[in-house]
Amino acid sequence: MINFFKKKKFIKEKKTKSLSEYFPWIDTIDDDYILLCSQDINNRINEIKSLKKYFQSNLGIENLKNLKNSLIANGYPIKAAETELNFFLEFFEEQTIQNLLFNESNGFHLHKKDNQFNPKIKLKKDFGIIRTSIGKVFIVGSSNTLLPVLTSVLLSYIAGNITVVQLSSLHTNCIPDFFNQLPLAGSRYIHFTKLYRENENDLNVIKLLVSSINWNVINLWGGNDSLSYYNNIISKNNYRPRIVNMEPLTGALLIQHEYFVKNLEKNINNLSSSISLMGQQLCSSPTIGFLISSKHENETKEVIEKLINNLEENYIPNDFDEFNSIKLDRMINIARDNGSRVFTSSLYSNNICVIESENDSVFKKYDSTHLLNIHERKNFIELIKVSSFEKIQQVLNEIFNNYSYKETKKIQTILSFGDKNFDVEVHKLASVIGAYRVIDSNYVLRRHPMEAVDNYNLFSEFTNIISVVGSKTENL
């Protein structure tokens, strides 16, 4: 979770009402689904496309402005809020929608006919499929970024599902308010719980809602605590919904020194933005780096000092409490005492820090709660100088045994700065460690509309496939 957000106090209430009292739509949810199923998916696609013009209108601009202001009021840095909303608007571009719904990488392009989505397709003389909505989808959003949950909501609606959303406390009101202003006829099929996990009474309602309704899919975004909490409740749901867990992951940085310095200023700018983006709290944010170089230390020193200077230009003050500041100082002292070179900011002191280590992480032997875990680090990265990819693999295979990384499952994203031959080795490494993405700096926050999300294609997860076999195929 991003630590610049404001914390909520735990509130106690006594009485828990029935689900129908909380959510009047519960009583009609099955009838609403039948009605939604009767509608053509292409109408929903066109409805979503039309929002592009809305966001260019005065009403749309005002709605976005109000959302941005609400995010900032809840602790989002201004730049982070603006970046997220700009990427969100890309969803409504024609090419983005085409790539999402007619994705060649998973065969969705077969559904395209006359620029329309054709749910029924004949693949062989005796085999075809019908792609339909899956039913009722429950989505849990995380607090560190809006894009995933908003994308899930829109894709679930396009697929034709009743969609219910449990947001983090930071977004509980601003996102529903934003959706309520959209000229979206399908808003009657999208519901926000407006429940707070910090509220004891709401907590009981969440448990009942998740465990008793016959959800077809539950899509979870969040950290370990959140996933454990919801998976425990889901285990009590006798309908056994499909669970799409988006687990806490992190990113690794790989730099080919000779390639990097050939275009130093541009690469420094791109690397700096990749580290500082969204407080270094994305699943794709680089939290550990590797520098493959045979160069003398003074040449790598130039790169790191330029990186520090660039990070200073985009610096957003940390909200470290005294305890976290002590942990940061302890890490810096450990690095120095064990022979690593420590670079800090002349303007912001230890709050911007790059550590250069040799062959392994200097923190490997320090499995301690007295060090910052990766969710507590901002503008902080350890760059490990290595001579081979085999060493990188070894470090990454061992790093998740360390306390600092125990809250994450594995490397999601490899951010690569290297030439073609270098990237061939990066691809091999990604395969061995099970990474999901190899990217340039343009895709730290945004995703390509054709890529899977941590091995899930969300639109596919929100749909059902009916196989039509034998002579019945003739009737498709």
Side-chain angles (χ1 to χ4, degrees), residues 249-277 280 282-295 297 299-304 306-308 310-311 340-341 343 353-364 374 377 379-400 402 404-405 408-445 447-448 451 454:
L249 306 167
T250 193
L253 164 69
L254 271 66
I255 295 176
Q256 181 185 24
H257 184 268
E258 291 181 359
Y259 171 91
F260 194 88
V261 296
K262 285 179 181 177
N263 200 349
L264 186 59
E265 295 302 323
K266 178 182 177 181
N267 288 328
I268 285 291
N269 286 334
N270 290 338
L271 175 55
S272 172
S273 65
S274 300
I275 293 172
S276 60
L277 186 65
Q280 209 173 349
L282 298 168
C283 288
S284 52
S285 296
T287 56
I288 188 168
F290 298 90
L291 185 65
I292 295 185
S293 172
S294 58
K295 299 296 181 182
E297 63 179 23
E299 295 193 42
T300 58
K301 178 183 178 183
E302 178 191 6
V303 171
I304 295 174
K306 283 183 177 293
L307 174 60
I308 293 281
N310 201 288
L311 286 168
S340 293
R341 293 200 300 170
F343 298 81
C353 179
V354 178
I355 292 173
E356 184 186 61
S357 301
E358 294 280 348
N359 294 318
D360 209 340
S361 172
V362 72
F363 307 112
K364 178 180 177 180
I374 62 169
R377 302 178 187 181
N379 296 302
F380 178 103
I381 193 166
E382 181 184 19
L383 285 178
I384 304 171
K385 286 181 67 177
V386 295
S387 58
S388 70
F389 276 85
E390 288 75 18
K391 187 60 183 178
I392 298 174
Q393 178 187 334
Q394 180 185 337
V395 174
L396 293 179
N397 282 341
E398 295 174 350
I399 197 170
F400 295 98
N402 189 284
S404 295
Y405 280 82
T408 53
K409 299 298 182 183
K410 64 176 183 177
I411 297 295
Q412 179 213 60
T413 297
I414 296 176
L415 172 61
S416 171
F417 289 88
D419 61 22
K420 183 176 181 179
N421 291 332
F422 184 83
D423 273 351
V424 168
E425 297 302 318
V426 171
H427 302 159
K428 293 177 183 177
L429 175 68
S431 176
V432 171
I433 67 173
Y436 295 132
R437 316 174 72 213
V438 175
I439 65 167
D440 63 31
S441 58
N442 291 313
Y443 288 92
V444 175
L445 176 57
R447 286 183 179 268
H448 192 283
E451 73 171 294
D454 301 348

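Positions are given from 1, in the same order as the sequence printed here. We use all heavy atoms of the structure for the numbers below, so side chains are in, but hydrogens, waters and symmetry mates are not.
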(message) Could you tell me if K410 sits above the aromatic ring of Y436, with its cationic atom closer than 6.0 Å to the ring centre and no more than 45 degrees from the axis?
(response)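 Yes, K410 lies over the aromatic ring of Y436.
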
(request) Using salt bridge (charged side-chain N to carboxylate O under 4.0 Å, His left out) as the criterion, list what pairs up with R447, not counting sequence neighbours. (result)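 R447: salt bridge (charged side-chain N to carboxylate O under 4.0 Å, His left out) contacts with E451, D454.
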
(request) Working to the nearest 0.5 Å, report the span between CG of L291 and OG of S387. (result)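 It comes to 11.5 Å.
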
(message) Checking Y443 against T413: is there a side-chain donor and acceptor pair closer than 3.5 Å?
(response)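 There is no such pair between these side chains.
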
(request) May I ask you to check whether T250 and T287 show a side-chain donor-acceptor distance below 3.5 Å? (result)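 Short answer, yes.
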
(request) Using side chain to side chain contact (heavy atoms under 4.5 Å, CB included) as the criterion, point out the one residue from I304, L311, V303, I308 that pairs with I268. (result)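 The single option meeting the side chain to side chain contact (heavy atoms under 4.5 Å, CB included) with I268 is V303.
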
Find out whether [X] and [Y] are in side-chain contact, i.e. whether some heavy atom of one side chain is under 4.5 Å from a heavy atom of the other.
X	Y	result
I374	I288	no
T300	R341	yes
L271	S441	no

(request) Ignoring hydrogens and angles, tell me if any N or O in the side chain of Q256 forms a donor-acceptor pair with the backbone of I292 under 3.5 Å. (result)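 Answer holds: no.
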
(message) Can you tell me which residue among N379, N267, N310 is in a side chain to side chain donor-acceptor pair (under 3.5 Å) with S272?
(response)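 When side chain to side chain donor-acceptor pair (under 3.5 Å) is applied between S272 and each of N379, N267, N310, only N310 qualifies.
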
What pairs of donor and acceptor atoms, side-chain ones from residues 423-433 against any protein atom, are under 3.5 angstrom apart with sequence neighbours left out?
from : atom 1 : to   : atom 2 : distance (Å)
D423 : OD1    : S416 : OG     : 2.5
E425 : OE2    : K428 : NZ     : 3.4
H427 : ND1    : D423 : O      : 3.3
H427 : NE2    : D423 : O      : 3.4

(request) Take the angle between the ring planes of F380 and F363 and call it parallel below 30°, perpendicular above 60°, tilted in between. (result)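 Answer is tilted, since the angle falls between 30° and 60°.
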
